[in-house]
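Structure, as C-alpha cells:
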Amino acid sequence: MAFLIVVPHDGSESHKSPVFESILDSPDSLTYPAKSCRQYSNGGVRIWTYDRNSMVPENENIVDSEGVYIGVGCAILQNEGVVDVKSVFNAKETHPEAVQGDYLILGLDSNGNGGIYSTTMTFCPLFHHKAENHDVFSTDLGLLHRCLRSRFGKKMGDFFDSNYIFESVENEWGTREFPERTMFSDIQRVLTTTQYKFENFILLSKSVQYELFRPELEQLYV
C-alpha cells in the first residue's frame with residue numbers, strides 16, 4: 001500500500017494543482033509498481049492510493065460518508081487484532097495505548113478534521129513537498145518527485161541536494177546532522193516528532209516530544 005495527498009493551504013480548490021494527475025493515475029508511476037490505483041476527494045484534499053500484492057497483513061482502508069481513512073503498514077488493536085484503518089484512527093484519538101504495530105495512517109472526516117499518525121520508530125516513511133499553495137505528501141519518494149509540475153522543463157540535477165549526498169557518503173553510519181533531508185532539495189522526510197492535524201480541511205503541524213519508556217534508551221539517544 002502507498003498513497004499521495006495534495007492539501008491546499010487555505011482548504012479551497014481554487015489554486016492550480018502542483019502535481020500531474022496523469023502520472024498519479026497510473027499504478028506504474030510508483031518506484032515499485034502497484035496493481036491498482038484509486039483517487040479520492042474530501043473537501044479540497046485530493047488523495048491517491050495504490051494497492052500492492054503484499055503478503056504482509058494490512059489494515060483495510062475505509063472511505064465512507066464519514067470520511068477517508070487510509071494507511072500503510074500494520075496496526076494491531078488490543079483485544080481485536082488487525083482491524084480497519086478507521087477503527088485504528090478512532091482508537092488513536094481516544095486510547096492510543098491500545099494500538100501497537102508499525103503503521104502510518106491518515107484520517108480525515110467529512111467536516112475536514114483529522115490527522116496523520118505513525119509510530120515513534122517506523123519503517124513507513126512519509127515525504128513532504130511544500131508548493132506555493134499546497135502541501136504534497138507521499139509514502140513513495142519517487143512518485144512524489146515524478147508528479148511535481150515544478151520538474152517540467154528542468155534538468156534532474158536542478159533538484160539534487162548536494163549536502164544530503166555529502167552527508168550520506170561521509171557519515172553513512174553516524175548520526176546525521178539533518179535527518180529530514182532527502183536527495184531532493186525540495187522534498188523533506190517527515191520526522192515522527194512532527195504531528196499533523198486537520199481542522200476544517202486546513203493542515204496544522206507542530207513538533208512534539210515522545211516519552212521513552214526506558215531511561216537508559218533515552219540516554220543513549222541523547
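- Ser87 contributes no side-chain N or O that, together with a main-chain N or O of Val83, makes up a donor-acceptor pair within less than 3.5 Å.
- A donor-acceptor pair under 3.5 Å is absent between the side-chain atoms of Thr194 and the main chain of Val190, judged by distance alone.
- The shortest side-chain heavy-atom distance between Thr49 and Tyr40 falls under the 4.5 Å cut-off.
- Taking the centre and axis of the six-membered ring of Phe178, the NZ or CZ atom of Arg181 falls inside the cone set by 45° and 6.0 Å.
- A cation-pi arrangement is absent between Arg52 and Tyr32 under the rule of less than 6.0 angstrom and at most 45 degrees off the ring axis.
- Residues Leu4 and Tyr103 do not share a hydrophobic cluster, clusters being chains of Ile/Leu/Val/Met/Phe/Trp/Tyr side chains in contact below 4.5 Å.
- Looking only at side-chain heavy atoms (C-beta outward), Thr31 and Leu143 stay at 4.5 Å or farther from each other.
- When all heavy atoms of Asn42 and Gly67 are compared, the closest pair comes out as ND2-CA, 4.2 Å.
- With hydrogens and angles ignored, the 3.5 Å screen pairs a side-chain donor or acceptor of Asp161 with a backbone N or O of Asn163.
- Lys130 contributes atom NZ, which lies 11.5 Å from atom CD of Gln188 (distance to the nearest 0.5 angstrom).
- Residues Leu144 and Ser138 approach most closely at CB-CB, 3.9 Å, considering heavy atoms.
- Ile5 is listed as a side-chain neighbour of Val45, based on a closest heavy-atom distance under 4.5 Å.
- Between the side chain of Tyr50 and the backbone N or O of Leu24 there is at least one donor-acceptor pair closer than 3.5 Å.
- Judged purely by atom type and a 3.5 angstrom limit, Asn111 has no side-chain atom pairing as donor or acceptor with the backbone of Asn113.
- Under a hydrophobic-cluster definition in which Ile, Leu, Val, Met, Phe, Trp and Tyr are linked whenever side-chain heavy atoms come within less than 4.5 Å, directly or via other members, Leu148 and Ile23 are assigned to different clusters.
- A donor-acceptor contact shorter than 3.5 Å is absent between the side chain of Asp25 and the backbone of Ser22.
- Thr139 places a side-chain N or O within 3.5 Å of a backbone atom of Phe3 that can act as its donor or acceptor partner.
- Closest of all the heavy-atom pairs between Leu104 and Pro125 is CD2-O, 3.7 Å.
- For the atom pair CG (Leu126) and CZ (Arg189), the distance works out to 10.0 Å, reported to the nearest 0.5 Å.
- Ring-centre distance between Phe159 and Phe184: not below the 6.0 Å cut-off.
- Applying the 6.0 Å contact sphere to CD of Glu97 captures more than 12 heavy atoms from other residues, nucleotides or ligands.
- Asn133 CG to Lys16 NZ: the interatomic distance, rounded to the nearest 0.5 Å, is 11.5 Å.
- Between Gln100 and Gln78, every side-chain heavy-atom pair lies at or beyond the 4.5 Å cut-off.
- With rounding to the nearest 0.5 Å, the separation of SG in Cys74 from CG in Asp102 is 9.0 Å.
- No donor-acceptor pair closer than 3.5 Å links the side chain of Asp28 to the backbone N or O of Pro33.
- In this structure the side chain of Ile105 reaches within 4.5 angstrom of the side chain of Lys92, judged on heavy atoms.
- Here the side chains of Ile47 and Ser41 are not in contact, with every heavy-atom distance at 4.5 Å or above.
- Grouping the Ile, Leu, Val, Met, Phe, Trp and Tyr side chains by contacts below 4.5 angstrom, directly or via other members, places Ile70 apart from Val82.
- Neither Val85 nor Met1 shares a network with the other; the hydrophobic side chains, linked directly or stepwise wherever heavy atoms of I, L, V, M, F, W or Y lie under 4.5 Å apart, form separate groups for each.
- Geometrically, Arg151 does not engage Phe20 in a cation-pi contact, judged by NZ or CZ lying under 6.0 Å from the ring centre and within 45° of the ring axis.
- Considering CG of Leu204 and NZ of Lys197, their distance stands at 10.0 Å, rounded to 0.5 Å.
- Among all heavy-atom pairs drawn from His15 and Asp10, the shortest one is NE2-OD2, 3.1 Å.
- In this structure, NZ in Lys86 is found 11.5 Å from CD in Glu60, a value given to the nearest 0.5 Å.
- Shortest non-hydrogen contact noted between Val99 and Ala91 is CG2-CB, 3.7 Å.
- Not one N or O on the side chain of Thr122 forms a donor-acceptor pair closer than 3.5 Å with the backbone of Thr119.
- Ring centroid separation for the pair Phe127 and Phe137 does not come in under the 6.0 Å cut-off.
- Using modelled atom types, no side-chain atom of Gln195 and backbone atom of Ser207 make a donor-acceptor pair closer than 3.5 Å.
- Inter-residue side-chain proximity for Phe89 and Asp84 is flagged as unmet; no heavy-atom pair is nearer than 4.5 Å.
- Residues Ile116 and Tyr69 do not share a hydrophobic cluster, defined by chaining ILVMFWY side chains whose heavy atoms lie under 4.5 Å apart.
- The minimum heavy-atom distance between Ala131 and His9, with the atom names listed, is O-CE1, 3.4 Å.
- Side chains of His145 and His129 form no contact here, defined as non-hydrogen atoms less than 4.5 Å apart.
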